[in-house]
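Okay, so here's the structure we're looking at.
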Amino acid sequence: MKQFMNFIGGEFVATGKTFENRAPVDNGLIGLVHEAGAAEVDAAVKAARAALTGEWGRMSVAKRVELLHAVADEINRRFDDFLAAEMADTGKPHALASHVDIPRGAANFKVFADIVKNVPAESFEMATPDGGQAINYAVRSPLGVIGVVCPWNLPLLLMTWKVGPALACGNTVVVKPSEETPATATLLGEVMNAVGIPPGVYNVVHGFGPDSAGEFLTRHPGVNGITFTGETRTGEAIMAAAAKGVRPVSFELGGKNAGIVFADADFDKAVAGITRSAFENCGQVCLGTERVYVQRPIFDRFVAALKVRAEALKPGPPQEPGVGIGPLISREHQQKVLSYYQKAKDEGATVVTGGGVPSMKGALAEGHWVQPTIWTGLPETAAVIREEIFGPCCHIAPFDTEEEAIVLANATDYGLATTVWTENLGTAHRVAKRVEVGICWVNSWFLRDLRTAFGGAKTSGIGREGGVHSLEFYTELRNVCIKL
Ligand code: NAD
Ligand code: 6OD
């Protein structure tokens, strides 16, 4: 039986308490996860703290950069191991995991290593009141031990998106992966050892949130800052924990993102784009589009075209040829998504397609499948238009004017991302300026340049990461003032 152990001070650590890791495709047992208790979390934080003052803390930036490039190269060398682990834990299609999740897992180390190597620091000369001079210059120090708490939807990608910049800036980390997806964070421990990252720099503690590893880590006074990706409600709990000791947080939280399709859009590209933004990763992408607003002249044609696309997404296990959609992560999440499918019907939606569970053969019948689903006809007050579902579904509503589309898109407490489809440059710029989100894509979706700022407005997050913006959270900026 496969065992997923904690990784503390460069060693794999078993505990007396395990829980099952099950495959979303058929609910089969993948292995046992060793849950970290308060003692293991404390050991991991202490290992991370010790590493700050050891070889890692004294290491030159050039050497650190070299090591992080080696981490990326080793992930790529073991690409198939990471791919198999991610596909088993999530059930996501091979094409998606091999093109997005694993390559980004490696890239997150290289990009941030190079940014830290090249980033300048500010300096100012000033005249002093006595007629002399002073110079000011900035130096950046690592924040210290970073607690990294991750979700299950893009496990390696989202974890390394935090660990990459944290290590590049000279910090050490204790990672708490999602209880649903323990594999790739554990595998990364082997990579760290293989390339010679000093023990204690990268640590992993497994477990759940409340009264488990997540809470023990975020409450631990030895943690200097917490970076978290997950639900807004969980963010509130973590923020309360971080208040003790006034520790900084960086949060990437939930979304209820709008897609806006104007009548002048390139129709086929817009349909393909919204197909991705609504259904990719079985709708389990925080940036995904669960509210689509389509300008009235093309509304009926658009709904019909998206229906054809949704129905063409073949459900199946990762390796099966032609598979376009995997399962949801867990039985619990499947029940949540299905409860929204029921709510939509109860509130009077027209179910354009889907709304249930596809019929799967053999062992796959035990998996957590749902049909890609499209609704129309609901008022904006409906639950499926207001609340984040995190499934392969969207409601499509017509709009008439640009102003109306902007008001509809902004009528939510969330503010993560928008995707806008138009051939009119003026429309694109005006809408992008007024949508209340951290990221606005035009004629694209989830197109990522890792040098850009990433994060959410309103209840979708706190802070920005990406490029030099990551340095704001992962380093302490000190001004040095020298009277000449
Ligand atoms: P979640 O909030 O349930 O769990 C995320 C992590 O937090 C898990 O590791 C979990 O064990 C841990 N956790 C839970 N309660 C905790 C507590 N009280 N203290 C400490 N840790 C705790 O989220 P999820 O279900 O894993 O992921 C889906 C959610 O994540 C969706 O809301 C989605 O929008 C969001 N998300 C946001 C982004 C973004 O970039 N904004 C990216 C991916 C996912
Ligand atoms: O691409 C990224 O860097 C990122 N953080 C993506 C988030 C996806 C949410 O599910």
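In each ligand, atom 1 is the first atom listed, and ligand 1 is the first ligand listed.
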Identity and distance of the protein heavy atom lying nearest [atom]:
atom                    : result
atom 34 (O) of ligand 1 : Glu388 OE2, 2.5 Å
atom 23 (O) of ligand 1 : Glu231 N, 3.5 Å
atom 37 (C) of ligand 1 : Leu253 O, 3.0 Å
atom 27 (O) of ligand 1 : Pro151 CB, 3.4 Å
atom 14 (C) of ligand 1 : Thr234 CG2, 3.3 Å
atom 9 (O) of ligand 1  : Cys150 O, 2.7 Å
atom 22 (C) of ligand 1 : Gly209 CA, 3.4 Å
atom 21 (N) of ligand 1 : Gly214 CA, 3.6 Å

Tyr341: what forms a side-chain hydrogen bond (donor to acceptor under 3.5 Å, both in side chains) with it, not counting sequence neighbours? Thr373
Identify, with sequence neighbours excluded, every residue that meets side-chain hydrogen bond (donor to acceptor under 3.5 Å, both in side chains) alongside Ser178. none
Regarding [atom]: of the candidates [options], which has the closest heavy atom?
atom                    : options                        : value
atom 39 (C) of ligand 1 : Cys286, Gly456, Gly288         : Cys286
atom 35 (C) of ligand 1 : Gly230, Ala417, Pro182, Gly147 : Gly230
atom 28 (C) of ligand 1 : Trp161, Phe390, Tyr414, Phe454 : Phe390

Would you name the heavy atoms of [X] and [Y] that are closest together and state the gap between them?
X      : Y      : answer
His34  : Asn6   : O-ND2, 3.1 Å
Ala97  : Pro103 : O-CD, 3.8 Å
Cys286 : Leu253 : CB-O, 4.3 Å
Ser460 : Leu416 : OG-N, 3.3 Å

Tyr340 side, atom OH; Asp346 side, atom CG - distance, nearest 0.5 Å: 13.0 Å
Mind checking the CG-CD1 spacing from Leu306 to Ile374? Nearest 0.5 Å is all I need. 4.0 Å
According to ring pair (Phe, Tyr, Trp, His ring centres under 6.0 Å), who are the partners of His220, at least two apart in sequence or on a separate chain? none
In sequence, state the C-alpha distance, the side-chain angles, and the governing distance for Arg140 and Glu472, and then conclude on salt bridge (Lys or Arg N to Asp or Glu O under 4.0 Å). CA-CA 9 Å; Arg140 287 191 181 273; Glu472 296 302 320; 3.5 Å; yes
Is ligand 1 under 4.0 Å from a heavy atom in the side chain of [X], in the backbone, in both, or in neither?
X      : result
Ser212 : neither
Leu416 : side chain
Asn153 : side chain
Ile238 : side chain

With a 6.0 Å cut-off on the ring centroids, do Trp161 and Phe112 count as close? yes
Do Phe390 and Trp152 make the cut of ring centroids closer than 6.0 angstrom? yes
Residue-ligand contact Gly455/ligand 1, heavy atom below 4.0 Å: no
Flag [X] as yes when one of its N or O atoms lies below 3.5 Å from any N or O atom of ligand 1, and as no otherwise.
X      : answer
Thr232 : no
Ser460 : no
Glu179 : yes

Just by modelled atom types, is the Gly144 backbone N or O under 3.5 Å from a matching donor or acceptor in the Asn171 side chain? yes
As a quick check of understanding, evaluate side-chain hydrogen bond (donor to acceptor under 3.5 Å, both in side chains) for Glu86 and Thr184, giving each step before the final call. CA-CA 6 Å; Glu86 207 71 309; Thr184 46; 3.2 Å; yes
Could you check whether Glu465 and Thr227, counting side-chain N and O atoms only, form a donor-acceptor pair closer than 3.5 Å? yes
Can you check whether a protein heavy atom sits less than 4.0 angstrom from atom 30 (O) of ligand 1? yes
Under a 3.5 Å threshold, I'd like every N/O contact between ligand 2 and protein atoms, with atom names and distance.
residue  : atom   : partner : partner atom : Å
ligand 2 : 1 (O)  : Arg104  : NH1          : 2.9
ligand 2 : 1 (O)  : Arg448  : NE           : 2.7
ligand 2 : 3 (O)  : Arg104  : NH2          : 2.8
ligand 2 : 3 (O)  : Arg448  : NE           : 3.4
ligand 2 : 3 (O)  : Arg448  : NH2          : 2.7
ligand 2 : 10 (O) : Asn153  : ND2          : 2.8
ligand 2 : 10 (O) : Cys286  : N            : 2.9

